[in-house]
Amino acid sequence: MTHKTCMHCGSNAMRRINRKGFLEETLLPKLGLFPWECAMCRRKTFLRNNGHSELRRKAHDRRDQEHTESQSPAD
């Protein structure tokens, strides 16, 4: 499960669900919003950051740093 909390019932049994429809597939990703559903009340909500993008960003930053360090001139 996740550390996200349902805004409707207060449960922390949230799960990521697939995007559906034009709005969810085009505009919401640009805003960084992801569809989530509460397993208790079955209400759908859109929340920021599902965790994966942050992990990718950290890995990308680490690769950039390693690349920069490997290109620095030798003394």
Side-chain angles (χ1 to χ4, degrees):
M1 289 293 162
T2 67
H3 297 288
K4 305 211 180 292
T5 303
C6 177
M7 296 183 292
H8 305 285
C9 72
S11 169
N12 65 353
M14 300 290 288
R15 61 184 180 157
R16 260 288 265 124
I17 58 174
N18 292 330
R19 298 180 192 274
K20 294 179 185 168
F22 178 77
L23 183 67
E24 290 182 22
E25 292 177 358
T26 57
L27 181 62
L28 295 181
K30 292 177 184 184
L31 298 174
L33 295 173
F34 299 88
W36 290 78
E37 181 182 65
C38 176
M40 301 302 286
C41 69
R42 309 287 294 185
R43 302 272 306 259
K44 182 178 181 179
T45 189
F46 296 92
L47 302 170
R48 292 194 178 275
N49 193 340
N50 68 352
H52 298 289
S53 60
E54 186 173 329
L55 293 175
R56 275 187 294 215
R57 186 173 40 252
K58 286 180 182 178
H60 182 17
D61 291 347
R62 187 173 54 249
R63 283 192 304 270
D64 283 351
Q65 182 180 6
E66 291 170 356
H67 181 71
T68 304
E69 289 172 356
S70 68
Q71 289 189 350
S72 59
D75 290 324

- Query: Where do M14 and C6 land on the side chain to side chain contact (heavy atoms under 4.5 Å, CB included) test, with the steps shown first?
  - Reply: CA-CA 7 Å; M14 300 290 288; C6 177; 3.7 Å; yes
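Taking R43 as the reference, H8 meet the side-chain hydrogen bond (donor to acceptor under 3.5 Å, both in side chains) condition, with sequence neighbours excluded. With sequence neighbours left out, E37 forms a side-chain hydrogen bond (donor to acceptor under 3.5 Å, both in side chains) with R15.
Residue pairs satisfying the salt bridge (Lys or Arg N to Asp or Glu O under 4.0 Å) criterion with at least one member in residues 5-14, sequence neighbours excluded, are absent.
Distance check: C38 SG to N12 CG gives 9.0 Å after rounding to the nearest 0.5 Å.
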Show me the side-chain donor-acceptor pairs of residues 21-31 shorter than 3.5 Å, one per line, residues at least two apart or across chains.
unit_1: E24; atom_1: OE1; unit_2: K20; atom_2: N; d: 2.8
unit_1: E24; atom_1: OE1; unit_2: K44; atom_2: NZ; d: 3.4
unit_1: E24; atom_1: OE2; unit_2: K44; atom_2: NZ; d: 2.5
unit_1: T26; atom_1: OG1; unit_2: F22; atom_2: O; d: 2.6

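Taking 4.5 Å as the limit, some side-chain heavy atom of K4 sits within range of a side-chain heavy atom of W36.
Between R48 and F34 the shortest heavy-atom distance is C-CD1, 4.3 Å.
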